[in-house]
Amino acid sequence: MIQTNWTSVTVFIFLGFSHYPKVEVIIFVLCLLMYLITLLGNTVLISITILDSHLHTPMYFFLSNLSFLDIWYTSSALTPMLANFVLGKNTISFSGCVSQMYFSLAMGSTECVLLSMMAYDRYVAICNPLRYSIIMNRRVCVQLAGSSWLTGCLTAWVETGPLLQLSLCGNRVINHFMCEILALLKMACVDTSMVQLIMFVISILLLPLPMLLICVSYAFILSSILRISSVDGRSKTFSTCAAHLTVVVLFYGTALSMYLKPSAVNSQEIDKFMVLIYAGVTPMLNPIIYSLRNKEVKMAVKKLLMRNAFSAMLTSIPK
């Protein structure tokens with residue numbers, strides 16, 4: 001079989017969901033709806049966080065970072081697939097493929113770290129409220145968020161670089177709807193054990209360890225909730241924590257099942273749907289679960305709408 005370098009390939013071909021021709025349109029519509037909801041929900045959250053001074057707190061600072069991240073994450077993962085479906089093609093250039101692989105890895109890795117930072121913020125707020133403003137000051141928040149972004153970008157570079165050094169077997173067909181690193185790794189016709197080892201170590205650092213930190217943080221949070229005397233306050237906090245943990249389990253669970261599964265398990269078709277969950281469903285749910293259910297956010301949205309309506313009314317009055 002002829003071996004070629006990555007750079008000698010100008011165009012890659014996606015198989016996508018061609019094995020399921022009857023449901024391709026349904027998958028496209030669902031992905032389009034998820035993408036539009038993700039854009040709308042996260043853009044609204046970022047806007048009101050910037051415009052409403054009452055939301056200039058550490059929690060909403062991290063939520064704004066998460067919203068900005070989710071917009072980029074979903075765009076890098078789903079936009080090429082949606083565009084290809086509309087244009088009736090299934091190809092991507094070499095530079096486009098490498099860019100998509102890097103950015104989807106970087107955004108996914110950043111989210112793994114950022115979610116653990118957000119859990120730590122909630123732990124300090126609930127378990128140590130008197131010192132919350134001192135511990136989670138602006139400098140610390142910027143450092144935590146910055147370290148999340150830096151970790152995600154660096155680990156994506158560490159994973160992408162070695163993969164591009166491998167030789168391809170002359171095959172340009174990617175059995176996926178995007179340039180996902182595991183699908184690209186299967187196109188190599190040389191020993192990939194070193195790349196797999198790098199990915200395994202990074203996956204251990206970015207998946208089980210942050211999830212463990214989140215679980216420990218919420219264990220302390222739940223123990224503090226149990227000491228709340230108010231039944232209404234306790235049930236409300238339980239509901240919020242349960243919603244947060246649902247999204248966390250959904251995101252980390254699907255990622256764990258993909259990147260830390262035994263090498264003997266080869267389920268490329270299942271992997272495609274897993275990617276749709278953690279790159280499409282969770283970014284769509286994040287603004288709803290974390291923010292849009294909060295009274296503070298609802299009040300901020302109402303104030304913003306009233307302000308815009310009042311401004312529009314003033315401009316419509318003839319001078």
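The first residue in the sequence is number 1, and the count goes up from there.
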With heavy-atom distances below 4.5 Å as the criterion, would you say the side chains of [X] and [Y] are in contact?
X: K272; Y: H176; result: yes
X: L115; Y: Y252; result: yes
X: M136; Y: L144; result: yes
X: M187; Y: I174; result: yes
X: L82; Y: V86; result: no
X: F85; Y: C31; result: no
X: I202; Y: M199; result: no
X: L163; Y: I181; result: yes

Do [X] and [Y] share a hydrophobic cluster, counting only Ile, Leu, Val, Met, Phe, Trp and Tyr and linking them when any side-chain heavy atoms are less than 4.5 Å apart?
X: L87; Y: I92; value: no
X: L69; Y: W157; value: yes
X: L164; Y: V11; value: no
X: I198; Y: L154; value: no
X: I221; Y: L213; value: no

(Q) The test is side chain to side chain contact (heavy atoms under 4.5 Å, CB included); show your working for C112 and L207 and say whether it passes. (A) CA-CA 7 Å; C112 288; L207 292 171; 3.7 Å; yes

Counting N and O atoms only, with roles assigned by atom type, does the side chain of [X] sit under 3.5 Å from a partner on the main chain of [Y], one being a donor and the other an acceptor?
X: T79; Y: S76; value: no
X: T74; Y: I71; value: no
X: S257; Y: T254; value: yes
X: N137; Y: I134; value: yes
X: Y102; Y: C153; value: yes
X: T192; Y: A188; value: no
X: D121; Y: M117; value: no
X: S93; Y: G96; value: yes

Tell me the closest heavy-atom pair linking [X] and [Y], and the distance in Å.
X: L15; Y: N175; answer: CD1-OD1, 3.5 Å
X: L182; Y: M258; answer: CD1-O, 3.7 Å
X: F177; Y: A77; answer: CE1-O, 4.0 Å
X: A119; Y: Y218; answer: CB-CE1, 4.1 Å
X: T160; Y: A156; answer: OG1-O, 2.7 Å
X: S104; Y: Y73; answer: O-CE1, 3.4 Å

Step through the shown structure and confirm whether more than 12 heavy atoms of other residues, nucleotides or ligands are within 6.0 Å of [atom1] on [X].
X: I270; atom1: CD1; value: no
X: F14; atom1: CZ; value: yes
X: W72; atom1: CH2; value: no
X: H56; atom1: NE2; value: yes

Q: Check the angle between the aromatic planes of Y278 and Y259 and answer parallel, tilted or perpendicular using the 30° and 60° thresholds.
A: tilted

Q. Given the rule in the side chain to side chain contact (heavy atoms under 4.5 Å, CB included) test, do M178 and Q100 qualify, once you have shown the distances and angles that lead to the verdict?
A. CA-CA 8 Å; M178 62 175 287; Q100 185 185 42; 3.5 Å; yes

Rounded to the nearest 0.5 Å, what separation is found between the [atom1] atom of [X] and the [atom2] atom of [Y]?
X: L276; Y: I27; atom1: CG; atom2: CD1; answer: 7.0 Å
X: T110; Y: L66; atom1: OG1; atom2: CG; answer: 11.0 Å
X: L114; Y: E111; atom1: CG; atom2: CD; answer: 7.5 Å
X: C179; Y: F12; atom1: SG; atom2: CZ; answer: 6.5 Å
X: L39; Y: S75; atom1: CG; atom2: OG; answer: 5.5 Å
X: L185; Y: Q196; atom1: CG; atom2: CD; answer: 5.5 Å

Q: Run the numbers on N286 and D70 for side-chain hydrogen bond (donor to acceptor under 3.5 Å, both in side chains), then give the verdict.
A: CA-CA 8 Å; N286 279 339; D70 282 339; 2.8 Å; yes

Q.
As a quick check of understanding, evaluate side chain to side chain contact (heavy atoms under 4.5 Å, CB included) for L205 and T155, giving each step before the final call.
A. CA-CA 10 Å; L205 294 174; T155 53; over 6 Å; no

Q) Would D52 and Y60 count as a side-chain hydrogen bond (donor to acceptor under 3.5 Å, both in side chains) if you check the C-alpha gap in whole Å, the side-chain angles of each, and the deciding distance to 0.1 Å? A) CA-CA 11 Å; D52 195 320; Y60 289 102; over 6 Å; no

Q.
Out of the candidates T43, N42, T49, only one should pair with S67 under the side-chain hydrogen bond (donor to acceptor under 3.5 Å, both in side chains) rule; please name it.
A. N42

Q.
Evaluate N128 against R131 for side chain to side chain contact (heavy atoms under 4.5 Å, CB included), listing each step before the verdict.
A. CA-CA 6 Å; N128 205 348; R131 300 191 60 216; 3.8 Å; yes

Q) Would Y123 and F220 count as a ring-ring contact (aromatic ring centres under 6.0 Å, His included) if you check the C-alpha gap in whole Å, the side-chain angles of each, and the deciding distance to 0.1 Å? A) CA-CA 7 Å; Y123 158 73; F220 281 107; 5.7 Å; yes

**Q.** Criterion ring-ring contact (aromatic ring centres under 6.0 Å, His included) on F273 and F17, from CA distance to verdict
**A.** CA-CA 10 Å; F273 290 97; F17 295 97; 5.3 Å; yes

